[in-house]
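Here the structure is laid out as structure tokens; the discussion comes afterwards.
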Amino acid sequence: MSFSGNVKEELARNAGKARHCQMAELAGILSCIGKIECTDSFIRFLLETENVILAKRYYELVKNAFSIQPTIATRRNSYLSKNRLYVVDALEPRREAMMFMALKLTPEDIADRGFLVNELLLHKSCCKRAFIRGVFLAAGSVTDPEKGYHFEVVFRKEENAKQFIEQLAFFEIEGKTTERKGSIVVYIKEGAQIVDALNVMEAHSALMELENVRILKEVRNTVNRKVNCETANINKTVHAAVKQIEDIKFIRDHKGLESLPPALEAVARMRLQYPEAPLKELGSMLSPPVGKSGVNHRLKKISELAKELKDYGGKKDYEKTDDSSGNFSSEE
């Protein structure tokens, strides 16, 4: 079963037992995909779905809350003949329409498929949770966190989407909307917000699974960032060392290392002898030892000298000095 299917199975299994919460959840389901038919003698509440979990949950809600025994029929979906469609039919006599009154429906709601849930059913925070749970069971989905973070609910009408967003906002969850094939989609893409939504719906097992994936992803991302940083630093160091050796060899081949001031000559020979050593290690092997910045300063002087030699075709003469800092002067 998919991650989204697991979430719905958990929601159906752990749903609230209080009747007022059952009303809110039932209203949420019917407002999304329910159909209400009314004649002079009866009122019928129909639910058609391919999701057997939703069909069972709707059946249990109607049976437990109203002591009505709905009927369940199955048929093939006319659009996708391979898919089984579950039809749950709750029929009430017109004079004893308990569901109609309990759900606080109006005649306009009967004629208008996709009605707004009466705010009186959403007065308590627990009922808001139940409503969100019912709406998600009816029209929601959530992507496997291994593949990405995406939570969405599809609505027929913009008003229903706005009502759902308002209930999410009560729990400080920000839902965004977009249009898709004539429907309004409320979606959440931030992992932390999806965790909050699962918590609101009381899908705690799914929440822990998502959190574990988020933690592993964060650890992997942190490790990758550190590895990339270390790799970049190593590449930078290697590139610098290769350039330094190239400059030293150019001077050696055209003027000889002995043409350098003593301090620069010592660093140049040490770099040739230990091409992979870091600057700090090179400095510790000099006599007297030199700090990392001192070694870097002398290697820069060598690079400047090599550049000048290249500019003069390798025929420039230099006046050596005994300045241990590596300073030197040049003359043609």
Side-chain angles (χ1 to χ4, degrees), residues 4 7-8 11 15-16 20-38 43-51 54-55 57-58 61-62 65 88 90 92 97-142 150-190 193-194 196-198 200-203:
S4 189
V7 172
K8 291 188 177 185
L11 292 178
H20 51 81
C21 291
Q22 292 176 348
M23 292 301 100
E25 183 177 343
L26 189 58
I29 294 172
L30 287 171
S31 68
C32 289
I33 62 172
K35 182 180 180 182
I36 304 173
E37 296 179 356
C38 183
I43 296 178
R44 167 175 283 153
F45 296 83
L46 282 173
L47 183 78
E48 297 180 350
T49 178
E50 295 177 1
N51 190 329
L54 174 61
R57 180 57 187 161
Y58 176 75
L61 283 170
V62 174
V88 187
E92 291 187 296
M98 294 178 291
M99 285 182 62
F100 186 82
M101 292 182 288
L103 296 175
K104 296 178 172 48
L105 297 171
T106 66
E108 290 76 16
D109 296 328
I110 294 175
D112 186 15
R113 192 169 185 176
F115 60 88
L116 287 177
V117 175
N118 194 306
E119 291 296 327
L120 293 175
L121 295 176
L122 308 176
H123 182 66
K124 298 181 178 181
S125 62
C126 59
C127 295
K128 293 178 183 291
R129 292 175 183 271
F131 167 77
I132 292 171
R133 182 166 56 242
V135 169
F136 180 81
L137 279 169
S141 64
V142 58
H150 186 81
F151 173 107
E152 72 171 40
V153 181
V154 181
F155 295 92
R156 297 190 186 105
K157 297 183 177 180
E158 186 176 357
E159 291 79 6
N160 296 87
K162 288 181 178 178
Q163 185 176 49
F164 184 68
I165 289 175
E166 288 173 0
Q167 303 311 310
L168 289 177
F170 177 84
F171 298 100
E172 298 183 354
I173 300 172
E174 182 182 1
K176 299 181 180 179
T177 61
T178 186
E179 291 189 23
R180 184 196 301 158
K181 297 180 180 179
S183 299
I184 306 298
V185 180
V186 176
Y187 67 92
I188 305 170
K189 281 190 171 293
E190 294 182 9
Q193 291 270 285
I194 295 175
D196 291 341
L198 292 176
V200 165
M201 296 188 297
E202 299 178 320

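In this text the structure is predicted, and so the values were computed from the model without any measurement. Heavy atoms only: backbone and side chains are in, while hydrogens, waters and symmetry mates are out.
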Sidechain N-carboxylate O distance under 4.0 Å for Lys35, Glu48 = no
Any pair with a residue in residues 120-129 that passes salt bridge (Lys or Arg N to Asp or Glu O under 4.0 Å), sequence neighbours left out, goes on the list, sorted by first then second residue, please.
-> none
Take Leu122 and Gln163, measure what side-chain contact (heavy atoms from CB on, under 4.5 Å) needs, and give me the verdict at the end.
-> CA-CA 11 Å; Leu122 308 176; Gln163 185 176 49; 4.1 Å; yes
Which residue pairs pass the ring-ring contact (aromatic ring centres under 6.0 Å, His included) test with at least one member in residues 158-183, sequence neighbours excluded?
-> Phe155-Phe164
Does the ring-ring contact (aromatic ring centres under 6.0 Å, His included) test come out yes or no for Phe45 and Tyr58, once each step is laid out?
-> CA-CA 11 Å; Phe45 296 83; Tyr58 176 75; 8.3 Å; no
Verify, without hydrogens or angle tests, whether Glu92 (side chain) and Met98 (backbone) share a donor-acceptor contact under 3.5 angstrom.
-> yes
Check the pair Ile33 / Arg156 against side-chain contact (heavy atoms from CB on, under 4.5 Å), numbers first and verdict last.
-> CA-CA 9 Å; Ile33 62 172; Arg156 297 190 186 105; 4.3 Å; yes
Mind listing the closest non-hydrogen atom pair of His150 and Ile194 along with its distance?
-> N-CD1, 3.5 Å
In terms of heavy-atom contacts, Gly28 and Val117 come closest through N-CG2, 4.2 Å
Between CE of Met201 and NZ of Lys8, what distance do you get to the nearest 0.5 Å?
-> 9.5 Å
Hey, could you give me the CG/CD1 distance between Leu46 and Ile36, rounded to the nearest 0.5 Å?
-> 9.5 Å
To the nearest 0.5 Å, what is the distance between OG1 (Thr49) and CG (Leu54)?
-> 4.5 Å
Minimum heavy-atom distance between Ser4 and Ser141, given as atom pair plus value = OG-CA, 3.3 Å
Taken to the nearest 0.5 Å, the spacing of Leu121 CG from Cys21 SG works out to 11.0 Å
Can you name the closest pair of heavy atoms from Gln193 and Ile188 and give their distance?
-> CB-CG2, 3.4 Å
Heavy-atom pair of closest approach, residues Val186 and Ala161 | CG2-CB, 3.8 Å
Across all chains, not counting sequence neighbours, the ring-ring contact (aromatic ring centres under 6.0 Å, His included) partners of Phe131 are none
What side-chain hydrogen bond (donor to acceptor under 3.5 Å, both in side chains) pairs are there with at least one residue in residues 171-186, not counting sequence neighbours?
-> Glu152-Arg180
Kindly write out the residues that satisfy salt bridge (Lys or Arg N to Asp or Glu O under 4.0 Å) with Lys162, not counting sequence neighbours, or none if the list is empty.
-> Glu158
Closest approach of Cys127 and Ala24, non-hydrogen atoms and distance?
-> O-CB, 3.3 Å
Gap between atom CD1 of Ile184 and atom CG of Asn160 - 0.5 Å precision = 10.0 Å
CD/Gln167 to OG/Ser125 distance, rounded to the nearest 0.5 angstrom?
-> 11.0 Å
Test log, rule side-chain contact (heavy atoms from CB on, under 4.5 Å), inputs Phe115 and Thr106 | CA-CA 10 Å; Phe115 60 88; Thr106 66; over 6 Å; no
Hits for salt bridge (Lys or Arg N to Asp or Glu O under 4.0 Å) against Arg57, two or more places apart or cross-chain, chain-then-number order -> Glu25, Glu60
In sequence, state the C-alpha distance, the side-chain angles, and the governing distance for Leu105 and Ile43, and then conclude on side-chain contact (heavy atoms from CB on, under 4.5 Å).
-> CA-CA 12 Å; Leu105 297 171; Ile43 296 178; over 6 Å; no
